[in-house]
Amino acid sequence: MTGEPTVGPPDQPIGNAEPLVTPSPIGGSEIAGPSRAATGHQAGGDVEAHVSPTDDSPGEGGGAGRVGGNQPRASAAGQTPRLALECVTFTYRGAAAPALRDATFAVRGSLGIVGESGSGKSTTLNLLLGLLRPSSGRVLFDGEELRGAARVRALRRAVQPVFQDPYASLDPRMRVDRIVGEPLASLGIASGAAAKQKVRDALADVGLDDDTLARYPHEFSGGQRQRIAIARALVTDPAILIADEPVSALDVTTRIDVIALLDRLRRGRGLSVVMVSHDVSVVAALCDDTVVLKDGEVVEQGPTMQVLYSPAHPYTAQLISAIATLPTA
Ligand SMILES: Nc1ncnc2c1ncn2[C@@H]1O[C@H](COP(=O)(O)OP(=O)(O)OP(=O)(O)O)[C@@H](O)[C@H]1O
């Protein structure tokens, strides 16, 4: 996605001091973090950190396979999706039209979200992160509506963000051991020797050794920084990574390395990656399913290979028309 980095050094509006206790929004939206929401305080006006109750009960998807528009796909063998949007509409305060309109889809494996600038991708990621509250409809986490502090806390641990720009997303004043270990402290998951071991394990998972621990972000390349950011996301042992253009700030060679890392993690750890990318070849490489957004509406969704190789909607065809050849997932 375009736009300014979403987490950054303290001189930027959205800082890195508490990046995962009060996660920064993707795409620079004004967000009230969970700590404020827990006390009922709302900052920015548009959003809250947890969703409000609705009376509807969670629902499963409809017919199997690719479908046009907004019909959810059937679960694989009735499997409950890890995350889902159910008829979600979101309108920013003061906006004339919703940024997302009546969106329904489920996250089971890895999911790509594609669409042109302004189509609602960032808004969708922030809804999935529990950082925006739907104006109507529901966000479901493991089949239950995302509402109440306990549910949001569970989501914070299980669903971790990876941001676009690894130069902006790591606090330059903090050593790597503290950066990677911060979610453990802020979510109260581990401390002391247990936390140190989890940090080492997370760094090892992304191919970085213990020498990394005492160093600062500026000592690393872009690709290494993105690995550190991914280690920070992995340290809570999440089920889902929500990634905002995770390789777009990297050069081509490094991009391939980080895509290979994400692919290894999703296959090896059974991690779901929900990813926004302008580059459909990245989505083709990593995502089982793809959702296509246009002007805030889901115009097509289904298995990535079907959506990208045999698009049902002219808009999808237009989106991928510039790509001569696509790799297989
Ligand atoms: N904080 C906000 N306040 C008001 N309108 C907003 C806000 N954030 C986004 N929008 C509007 O909502 C719509 C969807 O924006 P969003 O950032 O979700 O799109 P996007 O697909 O992620 O775009 P990009 O690829 O350029 O990042 C756009 O019309 C945008 O102008």
Side-chain angles (χ1 to χ4, degrees), residues 1-8 12-15 22-33 36-37 42-49 51 69-70 83 85 87-105 107 111-137 139 159 161-166 168-169 241-250 255 273-283 287 290-301 307 313 315-316 318-320 322-323:
M1 289 178 289
T2 57
E4 292 304 306
T6 48
V7 181
Q12 294 183 342
I14 299 170
T22 308
S24 301
I26 283 169
S29 304
E30 298 174 23
I31 301 292
R36 277 171 285 183
Q42 183 180 355
D46 295 333
V47 295
E48 290 180 356
V51 295
N70 206 28
L83 271 176
L85 296 191
C87 304
V88 168
T89 293
F90 179 83
T91 306
Y92 288 98
R93 179 167 294 176
L100 192 68
R101 198 191 318 263
D102 199 27
T104 296
F105 62 83
V107 177
L111 180 80
I113 300 173
V114 300
E116 62 195 2
S117 184
S119 58
K121 303 181 300 294
S122 302
T123 303
T124 301
L125 292 190
N126 285 320
L127 284 157
L128 291 171
L129 282 164
L131 296 170
L132 295 178
R133 180 179 64 181
S135 307
S136 63
V139 178
V159 181
V162 174
F163 296 98
Q164 179 177 12
D165 184 347
S169 68
L241 294 189
I242 303 271
D244 169 21
E245 295 272 13
V247 298
S248 64
L250 307 176
R255 191 177 291 196
V273 178
V274 179
M275 155 186 299
V276 160
S277 181
H278 278 112
D279 184 345
V280 293
S281 66
V282 175
V283 172
C287 299
T290 295
V291 166
V292 183
L293 287 177
K294 180 179 190 300
D295 299 332
E297 291 189 20
V298 176
V299 295
E300 184 166 359
Q301 61 176 300
V307 170
H313 196 284
Y315 177 73
T316 314
Q318 181 193 321
L319 267 184
I320 64 174
I323 308 295

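First listed ligand is number 1; within each ligand, the first listed atom is number 1.
Comparing Gly115, Ser122, Gly118, Ser119 by heavy-atom distance to atom 29 (O) of ligand 1, the nearest is Gly118. Checking Ser117, Ala97, Gly296 against atom 26 (O) of ligand 1, the nearest heavy atom belongs to Ser117.
The shortest distance between side-chain heavy atoms of Leu100 and Leu132 does not fall below 4.5 Å. Taking 4.5 Å as the limit, every side-chain heavy atom of Phe90 sits out of range of all side-chain heavy atoms of Thr124. Here the side chains of Thr104 and Val298 are not in contact, with every heavy-atom distance at 4.5 Å or above. By the 4.5 Å heavy-atom criterion applied to side chains, Tyr315 and Glu116 are counted as neighbours. Inter-residue side-chain proximity for Pro134 and Val139 is flagged as met; some heavy-atom pair is nearer than 4.5 Å. Counting heavy atoms from C-beta outward, His313 and Val292 have side chains that stay 4.5 Å or more apart.
The shortest N or O to N or O distance between Gly120 and ligand 1 is under 3.5 Å.
Those atoms of ligand 1 with a heavy atom of Glu116 less than 4.0 angstrom away are 21 (O). Every atom of ligand 1 is numbered from 1 in the order shown, and the set under 4.0 Å from a heavy atom of His278 is 25 (O). Shown in contact with Ala99 at under 4.0 Å from a heavy atom are these atoms of ligand 1, numbered in order with element: 12 (O), 13 (C), 14 (C).
Taking 4.0 Å as the cut-off, Arg93 does not count as a neighbour of ligand 1 on heavy-atom distance.
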